[in-house]
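Quick caveat: nothing in here was measured; it's all calculated off a predicted structure.
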Amino acid sequence: MSILSDTVRGVGRLFFPVRCPVCGGKMPPGSRVVCTRCRYAVPLTGFCYATYNPLWERLSALVPVEQASAFLYFIPGSGWRELIHRFKYDGAWRLARDMGVWYGHCLADSGLYDTVDRIVPVPLHWRKRLRRGYNQAEYLAEGIARALRAEVDRHSVRRIRNNPAQALHRHAERWDNVEGIFAVRCPERLAGHHLLLVDDVLTTGATLLSCAETILRAAPDCRLSVAVLAVPQREFGLDG
């Protein structure tokens, strides 16, 4: 049966080759997530290997985060931007999970996240989740959890207000747009744990910080770290 499956898969690849979600080129045999060329050219931030990085500095000035990391830079017009849009808007949820696994192995290699035992994806409101069909942050969290061998907690934090998309607001208005949109149920499930709060893209950080503040108010004895997949290079890059 496995030989037959491999044969069918091989024939399928011959007529319908798998394309790299970043550059659109044909994926070489054995490649995962992206092609070999794009894997070597990924605009990594390197934040997961250093506590004192630009993202940690920004977040820790506002909330007590233990560690903070972003995997790659979000560059307008790049293929990596298109990859993120594919799993965020086009239903390619497996890409989010695969990117989470890749990111999670980097977090594990750094040793800075070894004590994380519970991973909390930033939740979507149920209406938005119903419309999209899934929460991409949950799939990122699943992938990261595999590498860190931690539990994903999808239920303790919920989004209680369906606020308009942040992109619809000017920069200064985004903080008002996220006020009071999260709540914690069963805070005892978070108390005393080292939590890793996960989201896909951070721009102003307003949504993520609102979620972090809600968690810390409900479970003040937890330890909180943050992992986002991407941040804007123009704001967080060393040359930006």
Side-chain angles (χ1 to χ4, degrees), residues 44-45 47-48 53-56 58-60 62-63 65-74 80-81 83-89 92-93 95-104 106-107 113 116 118-126 128-129 132 134-148 150-167 169 174-175 177-179 181-184 190 194-216 222 224-233 235-236:
L44 297 174
T45 66
F47 291 175
C48 62
N53 62 67
L55 180 59
W56 180 87
R58 177 178 295 191
L59 296 180
S60 64
L62 300 169
V63 293
V65 293
E66 188 160 311
Q67 305 289 341
S69 174
F71 185 54
L72 54 84
Y73 290 116
F74 188 83
W80 293 98
R81 176 182 181 274
L83 178 147
I84 292 170
H85 279 206
R86 281 187 61 185
F87 70 64
K88 193 175 176 101
Y89 303 115
W93 56 267
L95 271 178
R97 188 171 59 194
D98 290 344
M99 289 298 293
V101 172
W102 187 2
Y103 187 11
C106 293
L107 293 172
Y113 298 80
V116 167
R118 190 155 294 181
I119 300 180
V120 178
V122 172
L124 289 178
H125 189 269
W126 66 267
K128 185 175 289 186
R129 186 190 178 101
R132 185 173 296 174
Y134 60 91
N135 178 5
Q136 69 279 358
E138 288 187 8
Y139 286 112
L140 283 169
E142 279 186 15
I144 292 172
R146 288 186 186 183
L148 293 183
E151 173 189 349
V152 179
D153 186 333
R154 301 174 181 82
H155 306 295
S156 293
V157 183
R158 58 195 180 100
R159 203 165 189 142
I160 57 175
R161 183 163 64 84
N162 191 22
N163 61 309
Q166 288 287 73
H169 291 267
R174 294 185 179 188
W175 298 94
N177 186 45
V178 298
E179 187 175 356
I181 66 173
F182 297 104
V184 173
L190 305 179
H194 185 179
L195 310 175
L196 183 66
L197 186 60
V198 171
D199 206 0
D200 53 0
V201 178
L202 181 143
T203 49
T204 63
T207 301
L208 185 139
L209 283 166
S210 177
C211 191
E213 289 171 348
T214 301
I215 290 172
L216 290 169
C222 76
L224 187 66
S225 292
V226 168
V228 296
L229 185 68
V231 291
Q233 186 179 43
E235 293 183 39
F236 292 92

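The aromatic rings of Trp80 and Trp102 sit tilted, their planes meeting at an angle between 30° and 60°.
Taking Arg86 as the reference, nothing meets the salt bridge (charged side-chain N to carboxylate O under 4.0 Å, His left out) condition, with sequence neighbours excluded. Shown here are the side-chain hydrogen bond (donor to acceptor under 3.5 Å, both in side chains) partners of Gln136, two or more places apart in sequence or in another chain: Arg132, Asp200. Partners of Glu213 according to the salt bridge (charged side-chain N to carboxylate O under 4.0 Å, His left out) rule, which considers only residues two or more places apart in sequence or in another chain, do not exist here. In terms of the side-chain hydrogen bond (donor to acceptor under 3.5 Å, both in side chains) criterion, residue partners of Ser156 (sequence neighbours excluded) are, by chain and number, Asp153. Applying the side chain to side chain contact (heavy atoms under 4.5 Å, CB included) criterion to Ala137, with sequence neighbours excluded, gives Pro121, Asn135, Asp199. With sequence neighbours excluded, no residue forms a side-chain hydrogen bond (donor to acceptor under 3.5 Å, both in side chains) with Arg158. With sequence neighbours excluded, no residue forms a ring-ring contact (aromatic ring centres under 6.0 Å, His included) with Phe182. The salt bridge (charged side-chain N to carboxylate O under 4.0 Å, His left out) search around Arg81 returns none, not counting sequence neighbours. Taking the salt bridge (charged side-chain N to carboxylate O under 4.0 Å, His left out) definition, one finds that Arg97 meets it with nothing, sequence neighbours left out. In this structure Arg146 satisfies the side-chain hydrogen bond (donor to acceptor under 3.5 Å, both in side chains) test with no other residue, sequence neighbours excluded. Partners of Ala147 by side chain to side chain contact (heavy atoms under 4.5 Å, CB included), not counting sequence neighbours, listed by chain and number: His105. Not a single ring-ring contact (aromatic ring centres under 6.0 Å, His included) links His155 to another residue, sequence neighbours left out.
Tested against Phe236, the residues Val231, Thr45, Asn53 include a single side chain to side chain contact (heavy atoms under 4.5 Å, CB included) partner, Val231.
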Worksheet entry | CA sep, side-chain torsions, deciding dist, call: Tyr139, Tyr134, side chain to side chain contact (heavy atoms under 4.5 Å, CB included) | CA-CA 9 Å; Tyr139 286 112; Tyr134 60 91; 3.7 Å; yes
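Leu124 approaches Lys128 most closely through the heavy-atom pair CD2-CD, 3.8 Å.
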